[in-house]
Q: 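The structure follows.
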Amino acid sequence: FYILLILPQQKRQKKWQQMLSSLKSGDRVTTSGGIIGIILSIRQPEGSDAGSIVLRVAPDNLKIEVARSAIASVTVDEGAKKS
């Protein structure tokens, strides 16, 4: 039971935590709500707060602030991969 259910979930959680800790300005990210944007700044956590991230969202360069835990994935551009 442990090997089938709990261990894979722990591995996914650890990988997600590593992704969150390696975020930096300029990264293109997708939130859990489906918003795609580029990180402008990262606000570090205060106390028990998880911190927040300011994103620039196209097409109007709208700036929004989301919780750090709302980041679902980092998107890698195809052009950036080739160089």
Q: If I take atom CG from residue Leu40 and atom CZ from residue Arg56, how far apart are they, to the nearest 0.5 angstrom?
A: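 The CZ atom of Arg56 is 5.5 Å from CG of Leu40, to the nearest 0.5 Å.
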
Q: Taking Ala72's backbone N and O only, do any of them form a donor-acceptor pair with Thr30's side chain (distance below 3.5 Å, no angle check)?
A: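 Absent.
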
Q: Side-chain contact, heavy-atom cut-off 4.5 Å: Gln44 with Arg68?
A: yes

Q: Could you tell me the separation between the OG atom of Ser41 and the NZ atom of Lys24, rounded to the nearest 0.5 Å?
A: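 These two atoms lie 15.0 Å from each other.
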
Q: Could you give the distance from CG (Leu7) to CZ (Arg12), rounded to the nearest 0.5 Å?
A: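 Between Leu7 CG and Arg12 CZ, I get 10.0 Å after rounding to 0.5 Å.
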
Q: Mind checking who shares a hydrophobic cluster with Val66, ILVMFWY linked at side-chain heavy-atom distances under 4.5 Å?
A: Trp16, Met19, Leu20, Leu23, Val29, Ile35, Ile39, Ile42, Ile53, Leu55, Val57, Leu62, Ile64, Ile71, Val74

